[in-house]
Every structure is written in structure tokens, then in C-alpha cells.
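Note that the structure is a prediction, hence the values are computed from the model and not measured.
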Amino acid sequence: MVDLGPIGVWWSGSWRAPDDPELDAPHEIEALGYGALWSSGRYDPGLAPHFERLLAATSHVPVASGVVSIWHGAPADVGRDVAALEARFGGRFVLGLGVSHAPLTEHYARPYAHMVAYLDALDALETPVPPERRVLAALRPRMLELAAARAAGAHPYFVPVEHTAKARGILGPGPVLAPEVAVVLETDPARAREVARGYTTGYLTLPNYSQNLRDLGYGEDDVAGGGSDRLVDAVIAWGDAAAVAERVRQHHDAGADHVCLQVIADYAAFPLAQYRELAATLF
């Protein structure tokens, strides 16, 4: 498996810095010490072109898809594009795959079986995408077990620390566990939770996420609306940089190998100032 380092960056918006559109934000993120860059797979056929741009803008950090929907990118197209990235940026791309969500996908059915078939197809390509170069967006036990058996590990999204501990127990000691953790750099509780709920509200309407949280003991009142204070505080790392660093430590202590941080901000521009602030404490 590619070495992701202990802490990375997850971002699905523009990678241009707001104060200087010409600034190479991915290159600076690499220089700050973050170990990997994660970005949404979006819904393009094959791999979205921004993965190639991120690899070209950096010199050594891995770039990972978090994640490519198996309903939108055919295995042959994705495999072809992964092979092209491998030829140009050998050893630096990690393919993250996920089953997405029924409300976002037409003809959504039997997601686990579809994932198994997708992995079979990747294995059967003339240039396969090997298991050690792919991770699965796994939340619940069956998909976590599949991630351990058929991939390098798991990339859970929208999860509290207790999920990281549960996932490590299911994966066992070997596979990579790389949860995403959303961040709000705000010390006022009311304001931090207000910003956080701008993010959590949409995700809690997606059954894979809400049911995963129910499995962890959160009730209907917790997952309603934008989430209870208890749930928001568990899923979102808010506070100053030291508070975020403490949450990262908790995930590592619970079994995470790598934690990718997503600063909640306007997706129109990359929140470079916040990642600089975090780096000063994290590294």
C-alpha cells in the first residue's frame, strides 16, 4: 500500500486559493507536511481529470479518490485511467471506490454484490488495479470485511471515533484504515455547530450514513434535521487547532492509520489559511 502518512487533506471543491488564484495550493499542502490529498471522484465517466492535475501539481504525496462511485465509472474506463496515472506518476495514485447512496443513484440495487462484481472486473483487466492500490468506502461490517479481503483497507466518511474503533476491530491489524474527519475552526460552540450543521444536514438524509450512526447508538432525535449537539460534536472536530489535533489523536488511538481532514468552507476556493493554521499544530 502507498504510504499515506498519518494526516492528509480531503477536499472536493476548487483547489485555487482565495487570496491568490495563481498560488499552487496542492504544492503548499504537500510542503506543509500533509501526507496525502483526497478528493471526490465526482460523477465523470472513468476518473475525473482533477486527479491528474493534483498529481502534476505535487512531487511525492499520494493522491486518492474519495471516492469513485461504482455506479458511474465503468471498471474498464476506470482501470484504463488508473493505468495512465500509474505510467506517469508511478506509485502515487490510490483508487477509492464506493457504492454511493440510493437517493443519488438511478437503479440502485444490491450494492454489496455490485461492489464484488466491480472488484472482480478490475482484477480481470489486462492491466488490473491491484488490491493494494485500492480502498473501499466502507461503513458497516460486510463492506469492511470486503475491504480487508479485496482491497488495501477502508476509507470511512462521516464517522465518529467510536466507528474507527469498531472498524479496526472488523478489519483486523493489517488493512489500512483512513477515516475522513470534517473540521470547523471555530471556538464558539453555537457558531461552530451552526456551521457544522450546514454540512451535516445533507449527509443525514442519506440512509447509509444515518443508519451507520444508528448502529453506533445514536437515536432518531440525534439524526433528525442537522443532528443533535451530541451527534454534531461526535462527527465534526470543532474548536481551535489544538482541539482538532486532539480529535485526530483520538482516531489514531482508536485504530486509524491515516486521518484525512476536511475543513468545512466555501467550496468555491481552497481554505488554505485554515490548513496552514492546522499544520502549525499538527506537525
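Without hydrogens or angle criteria, His50 side chain to Ser40 main chain gives a donor-acceptor distance under 3.5 Å. Side-chain atoms of Thr201 never come within 3.5 Å of backbone atoms of Gly198 as a donor-acceptor pair (strictly under, hydrogens ignored). In this structure a side-chain-to-backbone donor-acceptor pair under 3.5 Å is present from Ser39 to Trp11. Put simply, the side chain of Thr200 gets close to the backbone of Gly226: a donor and an acceptor are under 3.5 Å apart. Under a 3.5 Å cut-off, the side chain of Thr164 and the backbone N or O of His251 do not form any donor-acceptor pair.
Smallest separation of non-hydrogen atoms from Pro62 and Gly35: CD-O, 3.0 Å. Between Pro111 and Val99 the shortest heavy-atom distance is O-CG1, 3.6 Å. Heavy-atom minimum distance, Gly227 versus Val232: O-CG2, 3.9 Å. Of all non-hydrogen atoms in Leu122 and Pro75, the two that sit nearest each other are CD2-O, 3.8 Å. Counting all heavy atoms, side chain and backbone alike, Arg168 lies closest to Val176 at NH2-C, 4.3 Å. In plain terms, the two heavy atoms of His72 and Thr105 that are nearest each other are CE1-OG1, 4.2 Å.
Listed by first then second residue, pairs satisfying ring-ring contact (aromatic ring centres under 6.0 Å, His included) with a partner in residues 104-140 read Trp71-Tyr108, Trp71-His114, not counting sequence neighbours. Annotation: salt bridge (Lys or Arg N to Asp or Glu O under 4.0 Å) contacts involving residues 125-140, sequence neighbours excluded, comprise Glu86-Arg133, Asp123-Arg134, Arg140-Asp215.
Follow the hydrophobic side-chain contacts under 4.5 Å out from Val181 and you reach Leu32 in the same cluster. Clustering ILVMFWY residues whenever any of their side-chain heavy atoms sit less than 4.5 angstrom apart, transitively, puts Leu185 in the very cluster that holds Val248. Residue Val67 is not grouped with residue Phe51 when hydrophobic side chains (ILVMFWY) are merged at heavy-atom distances under 4.5 angstrom, including chains of intermediate members.
Asp77 pairs by the salt bridge (Lys or Arg N to Asp or Glu O under 4.0 Å) definition with Arg80, not counting sequence neighbours. Applying the salt bridge (Lys or Arg N to Asp or Glu O under 4.0 Å) test to Asp229 and every residue at least two apart in sequence or in another chain returns Arg193, Arg197. For Val195, the side-chain contact (heavy atoms from CB on, under 4.5 Å) criterion is met by Val184, Arg191, Ile264, not counting sequence neighbours. Residues passing the side-chain contact (heavy atoms from CB on, under 4.5 Å) test with Ser228, sequence neighbours excluded: Asp222, Arg230, Leu231. Partners of Pro128 by side-chain contact (heavy atoms from CB on, under 4.5 Å), not counting sequence neighbours: none found. Residues meeting the ring-ring contact (aromatic ring centres under 6.0 Å, His included) test with His101, sequence neighbours left out: Tyr209. Scanning for side-chain contact (heavy atoms from CB on, under 4.5 Å) contacts around Asp253 gives Arg249, with sequence neighbours left out.
Contact check for Val259 versus Pro6: no side-chain heavy atoms found under the 4.5 Å cut-off. Considering only heavy atoms from C-beta on, Glu180 stays 4.5 Å or farther from Pro156 through its side chain. Put simply, the side chain of Trp238 does not reach to within 4.5 Å of the side chain of Thr187, judged on heavy atoms. Side-chain contact between Pro179 and Val161 is absent, with no heavy-atom pair separated by less than 4.5 Å. Taking 4.5 Å as the limit, some side-chain heavy atom of Tyr34 sits within range of a side-chain heavy atom of Ile7. At least one side-chain heavy atom of Leu146 sits under 4.5 Å from a side-chain heavy atom of Leu136. Contact of the Met115 side chain with the Leu97 side chain is registered, since non-hydrogen atoms from C-beta on lie closer than 4.5 Å. Between Ser210 and Tyr218 there is no side-chain heavy-atom pair separated by less than 4.5 Å.
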Could you tabulate the donor-acceptor pairs under 3.5 Å formed by side-chain atoms of residues 268-283, not counting sequence neighbours?
from   : atom 1 : to     : atom 2 : distance (Å)
Tyr275 : OH     : Trp10  : O      : 3.4
Tyr275 : OH     : Leu261 : O      : 2.8
Tyr275 : OH     : Val263 : N      : 3.0
Arg276 : NE     : Glu28  : OE2    : 2.6
Arg276 : NH2    : Glu28  : OE1    : 3.0
Arg276 : NH2    : Glu28  : OE2    : 3.1

Let me have the donor-acceptor pairs involving side chains of residues 88-95, under 3.5 Å, with sequence neighbours excluded, atom names and distances please.
from  : atom 1 : to    : atom 2 : distance (Å)
Arg88 : NH1    : Glu52 : OE2    : 2.6
Arg92 : NE     : Val61 : O      : 3.0
Arg92 : NH1    : Leu55 : O      : 3.3
Arg92 : NH2    : Thr58 : OG1    : 2.5
Arg92 : NH2    : Val61 : O      : 3.0

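To the nearest 0.5 angstrom, Leu85 atom CG is 6.0 Å from Leu47 atom CG. Atom CZ of Arg150 is separated from atom CE of Met143 by 11.5 Å, given to the nearest 0.5 angstrom. Expressed to the nearest 0.5 Å, how far OG of Ser59 lies from NE2 of His27 amounts to 6.5 Å. Between atom CD of residue Gln211 and atom CG of residue Leu216 there is a gap of 10.0 Å, rounded to the nearest 0.5 Å. Rounded to the nearest 0.5 angstrom, Cys260 SG and Tyr157 OH are separated by 9.5 Å. Summarising the geometry, atom CH2 belonging to Trp15 is positioned 7.0 Å from atom CD1 belonging to Ile29; distances are rounded to the nearest 0.5 Å.
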### Task
Begin with the C-alpha distance, continue with both residues' side-chain angles, and end with the deciding distance and a verdict on side chain to side chain contact (heavy atoms under 4.5 Å, CB included) for Trp38 and Val9.
CA-CA 6 Å; Trp38 296 75; Val9 167; over 6 Å; no

### Task
Please lay out, stage by stage, how Val159 and Glu162 fare under the test side chain to side chain contact (heavy atoms under 4.5 Å, CB included).
CA-CA 8 Å; Val159 293; Glu162 53 262 46; over 6 Å; no

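Taking the six-membered ring where tryptophan is involved, the planes of Tyr203 and Tyr199 are tilted, since the angle between them lies from 30° to 60°.
A donor-acceptor contact under 3.5 angstrom links the side chains of His60 and Glu30, judged on distance only.
Applying the under-4.5 Å side-chain rule to Ile, Leu, Val, Met, Phe, Trp and Tyr, the cluster around Ile170 extends to Leu144, Leu171, Leu177.
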